[in-house]
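Here is the structure we will look at.
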Amino acid sequence: MLGSIKSNKFQYESQKLAMNYFRVAIVLFGAQLLMGLIAATQFLYPSFLFEVYDFSVARMVHINALVVWMLYAMIGSVYLLLPDETGIEAVGIKLGKLAFWVLTAAVTVVVLVYIFIQVGPGSEATIWLINEGREYIEAPRWADIGIVVVVLIFYYNVFATYMKGEKTGIMTVLVADLFALAGLYLCGMFFTSNISMDQYWWWWVIHLWVEATWEVFVGSLAAYGLIKILGAKREIVEMWLWIEVLMLFGSGILGLGHHYFWIGTPEYWWEIGALFSALEPVPLVAMFVHVLYDWGKEQGHAEAGQAGHAVKNSPAMAWIAINAFGNFLGAGIWGFFHTLPQVNIYTHGTQFTAAHGHLAFFGAYATILIGMMYLGVQRAYAIERMRMTFKTKMAIALLITGILGMTVSLTIAGYEQVLVERADLGGGWDAYFIAQNLPWMLQAMGWRLVMGLVMFTGFIFLVADLFTIGKAKEHAEQESVGAAAA
Amino acid sequence: MSEKKVSVWTSITFWRRSAAWVTGTAVVLLMWLTFNTIGQISMGTDEDLQNGVKKRIPAPTVINYKIDYAYDEKRGHEVPVIGEKELFFGKEWSADEAAELLRHGKLTQQAKNCMNCHTLLGNGAYYAPDLTKAWLDPKWNDGTMTGITGKDTVEEAMAEFLMHPSQFPTHARMMPNLGITKEEAIALVAFLKHMSAIDTNGFPRNFSQSAKRLEGGTHAW
Ligand code: HEM
Ligand code: HEM
Ligand SMILES: [Fe+2]
């Protein structure tokens with residue numbers, strides 16, 4: 001990808017900026033995996049880096065790097081598609097570039113403080129300067145405010161460009177969705193002594209991001225991708241997109257209730273949370289069907305020899321298809337497993353949650369964002385039809401084997417924990433450690449680490465591929481061959 | 001879509017409007033539920049405690065009372081039971097003192113990043129035991145931890161442990177030293193005691209059973 005600075009064939013500054021966001025995203029993705037490996041090792045060898053770089057620190061950086069790399073890749077994706085959709089350059093591109101550097105500098109400082117200072121005294125100063133101690137949104141308050149400013153600049157760029165340029169359905173959805181996404185962040189920016197109130201609003205950020213606004217965002221990216229890669233018909237794609245928005249928001253917003261079963265909130269959330277979150281998998285099935293349907297249809301056109309229908313970027317298309325399935329599996333199936341209160345009372349806060357968290361974040365978000373990076377590289381090199389290389393395939397195979405293996409391991413660990421610690425022993429300190437020390441748990445933790453290493457190897461192939469695929473010979477070779485895609 | 005096709009099912013306008021209406025309705029419902037919930041999860045007052053008025057989240061002065069977690073026939077699960085008064089760190093705390101203590105405890109909980117190893121109310125990380133009802137855990141109340149730390153009361157034992165966790169290991173997986181001071185430790189124990197009095201709709205389930213089971217050997221061994 002860095003190579004693309006030289007052979008940069010972008011027409012728009014906005015798309016160059018997109019590549020900058022992608023570059024930082026991939027670095028943070030790597031950091032995320034390394035931190036995960038440290039934390040996974042500590043499960044097996046608790047003395048590893050004890051009181052030097054504790055589990056809590058490794059885990060905090062792991063999940064923060066996750067959230068931040070995804071936000072970077074999301075912003076990058078928007079800058080990539082913005083000129084295509086609106087037909088014009090981003091209006092405030094200078095400001096946009098400045099915001100990128102400010103944000104990146106702030107992220108660097110935050111991470112260095114996490115790593116080297118780690119914790120502070122129990123005072124307001126710590127949550128303003130070191131970390132806020134709230135899962136996923138640990139960033140200290142000064143950084144929160146910085147993030148808000150940068151996001152406002154980004155949003156201004158999107159909104160003003162939308163108003164000036166062409167107003168496609170995809171852009172309309174994005175403009176509305178990004179507004180909600182950015183606004184929700186504010187819910188995580190206050191202190192209260194009341195832990196129930198704290199968690200009530202904390203879930204507004206976390207749940208309403210990943211199960212509402214981010215999902216709609218992914219729907220928009222997939223729509224854009226299908227049009228760009230397959231030449232799918234815009235009218236049909238955009239109609240699907242609106243249906244997806246309807247179903248995602250219709251189920252996801254009140255589905256929030258599945259986090260309000262046990263945090264001090266009233267019992268009526270049992271029914272509301274169960275009903276609406278049980279509907280959440282429905283749009284995910286629809287999205288899966290939509291992608292496969294369009295893919296199959298365009299493939300058919302291509303095989304029938306109709307020009308202009310061949311897959312124009314097979315790595316990106318592969319990742320979008322994997323996204324459609326991964327979203328359905330990780331969020332839809334694994335989410336539904338533990339979403340009813342009758343089940344959740346036992347699974348709440350066990351390795352089962354971790355199994356779902358991993359498969360859902362990877363399946364629903366990492367995949368499509370990787371796909372967008374491939375679309376970016378294609379544009380950087382002005383490649384007519386981009387083909388998979390050996391590295392593309394290795395990255396796909398290893399990352400998927402790794403994440404599935406890890407999910408299965410954690411699911412087994414979760415079952416064991418649910419049955420022994422929760423159902424049999426009823427929770428508590430001893431119950432917890434008895435379950436943690438059983439052979440099934442230890443084996444599962446071992447396999448999780450192995451599968452993490454497999455994932456990391458896949459990541460190396462991915463980075464190598466993104467760096468080199470622009471110059472690979474595969475693209476020219478198959479120019480005349482039909483659409484033997486993917 | 002061409003002009004001739006008039007089926008609403010393929011009309012973008014129809015789906016766009018429907019999406020807007022459904023989203024709007026969901027948002028309005030969520031706002032309404034939020035107002036109701038906020039009312040129910042605001043902290044009670046010291047008067048509520050004195051008058052035996054049950055609140056889902058009791059006042060900070062709940063630290064001046066004995067707390068239990070017992071099965072409730074009507075609700076079909078365990079609920080916190082607030083009992084008679086008891087001293088906390090050797091004294092009774094006024095409403096202001098207790099509120100300040102709880103605030104300090106919550107700040108310390110965040111500053112020391114407890115949630116990236118433990119779960120609180122079931123949310124957080126899975127490397128260490130859930131802290132929702134830690135105050136009531138048999139481990140602290142059956143003499144184990146008071147014995148190890150050489151303290152007489154649960155609160156003193158907890159504070160001692162929090163200040164020097166890796167000196168009192170119970171398993172190979174230890175809690176690291178987080179530089180917690182004496183004041184911070186007292187505040188944290190208050191935070192934990194307060195949390196154990198929150199009505200969590202019966203989570204964790206059967207919590208009070210684990211002690212009895214463990215004494216007679218467990219099914220897991
Ligand atoms: C792409 C979408 C999704 C992502 C990225 C995602 C991610 C996560 C993560 C990371 C957690 C753990 C939060 C924590 O650390 O405490 C979680 C919890 C949960 N998720 Fe999802 N999720 C998604 C969709 C869904 C869906 C569609 C459902 C239901 C059908 C669902 C049901 C749940 C439930 C019930 C919990 C609470 C688990 C517990 O009680 O410990 N999720 N999700
Ligand atoms: C090398 C691969 C990875 C390893 C070894 C790894 C390891 C871990 C570990 C040890 C934890 C802490 C779990 C706990 O608290 O018990 C964790 C949490 C988490 N990881 Fe990973 N991870 C890896 C990759 C990923 C990827 C690719 C994603 C998403 C795209 C991800 C998302 C998460 C999330 C969302 C959590 C919080 C889960 C929760 O609270 O339920 N991880 N990971
Ligand atoms: Fe959720």
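Just so we're on the same page: letters track the sequence lines, and every chain starts at 1. The structure displayed is predicted, hence computed values, not measured ones.
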Heavy-atom pair count under 4.5 Å with chain B, highest-scoring of [options]:
| options | value |
| --- | --- |
| A:I130, A:I272, A:V119 | A:V119 |
| A:V245, A:T126, A:I345 | A:I345 |
| A:A354, A:G252, A:P46 | A:P46 |
| A:Q199, A:Q351, A:R134 | A:Q199 |
| A:W204, A:F276, A:Y136, A:W202 | A:W204 |
| A:E421, A:R422, A:M247, A:E238 | A:R422 |

Among [options], which has the most heavy-atom pairs under 4.5 Å with chain A?
| options | result |
| --- | --- |
| B:L131, B:L33, B:I180 | B:L33 |
| B:A99, B:P60, B:A111 | B:A111 |
| B:H118, B:R75, B:Q109, B:E183 | B:R75 |
| B:P129, B:G122, B:A19, B:S18 | B:P129 |
| B:I41, B:T170, B:N113, B:T108 | B:I41 |
| B:T13, B:V27, B:L188, B:N36 | B:N36 |

Okay, side chain of [X], backbone of [Y]: is any donor-acceptor separation there less than 3.5 Å?
| X | Y | answer |
| --- | --- | --- |
| A:Q42 | A:F48 | yes |
| A:D54 | A:S56 | no |
| B:D137 | A:W429 | yes |
| B:H194 | B:P58 | yes |
| A:N194 | A:S196 | yes |
| B:D48 | B:T45 | yes |
| B:W93 | B:F88 | yes |
| B:K112 | A:G120 | yes |
| B:R205 | A:A423 | no |
| B:T23 | B:A20 | no |

Do the two ring centres, one from [X] and one from [Y], sit under 6.0 Å apart?
| X | Y | answer |
| --- | --- | --- |
| A:H207 | A:H258 | yes |
| A:W270 | A:Y260 | no |
| B:Y127 | A:F43 | yes |
| A:H348 | A:F261 | no |

Does any heavy atom of chain B fall under 4.5 Å from the side chain of [X], the backbone, both, or neither of them?
| X | result |
| --- | --- |
| A:L419 | neither |
| A:L248 | neither |
| A:E244 | neither |
| A:E267 | both |
| A:F191 | side chain |
| A:S123 | backbone |
| A:L241 | neither |
| A:D198 | side chain |
| A:Y45 | neither |
| A:S193 | both |
| A:L410 | neither |
| A:Q417 | neither |
| A:W269 | side chain |
| A:I195 | both |

Note, A:I236 side chain near A:W240 side chain (heavy atom, < 4.5 Å):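 Of all side-chain heavy-atom pairs linking A:W240 with A:I236, at least one is under 4.5 Å.
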Contacting region of [X] [heavy-atom separation from chain A under 4.5 Å]:
| X | answer |
| --- | --- |
| B:T144 | neither |
| B:W140 | side chain |
| B:M145 | neither |
| B:M195 | side chain |
| B:I198 | side chain |
| B:H77 | side chain |
| B:I38 | both |
| B:L120 | both |
| B:F14 | neither |

Under the rule for side chain to side chain contact (heavy atoms under 4.5 Å, CB included), what residues qualify as partners of B:V22, not counting sequence neighbours? A:L246
Residues A:R59, A:E135; criterion salt bridge (charged side-chain N to carboxylate O under 4.0 Å, His left out); working and verdict: CA-CA 9 Å; A:R59 187 187 193 270; A:E135 224 193 337; 3.0 Å; yes
May I ask you to check if B:K133 and B:F207 form a cation-pi contact, with NZ or CZ under 6.0 angstrom from the six-membered ring centre and within 45° of the axis?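 No, cation not above the ring by the 6.0 Å, 45° rule.
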Given B:L101, B:I63, B:L162, B:V154, the one that forms side chain to side chain contact (heavy atoms under 4.5 Å, CB included) with B:V189: B:L162
Evaluate the salt bridge (charged side-chain N to carboxylate O under 4.0 Å, His left out) criterion for residues A:E132 and A:R141: first the C-alpha distance (whole Å), next the side-chain angles of each, then the deciding distance (0.1 Å), finally the verdict. CA-CA 7 Å; A:E132 220 176 314; A:R141 196 65 53 75; 3.1 Å; yes
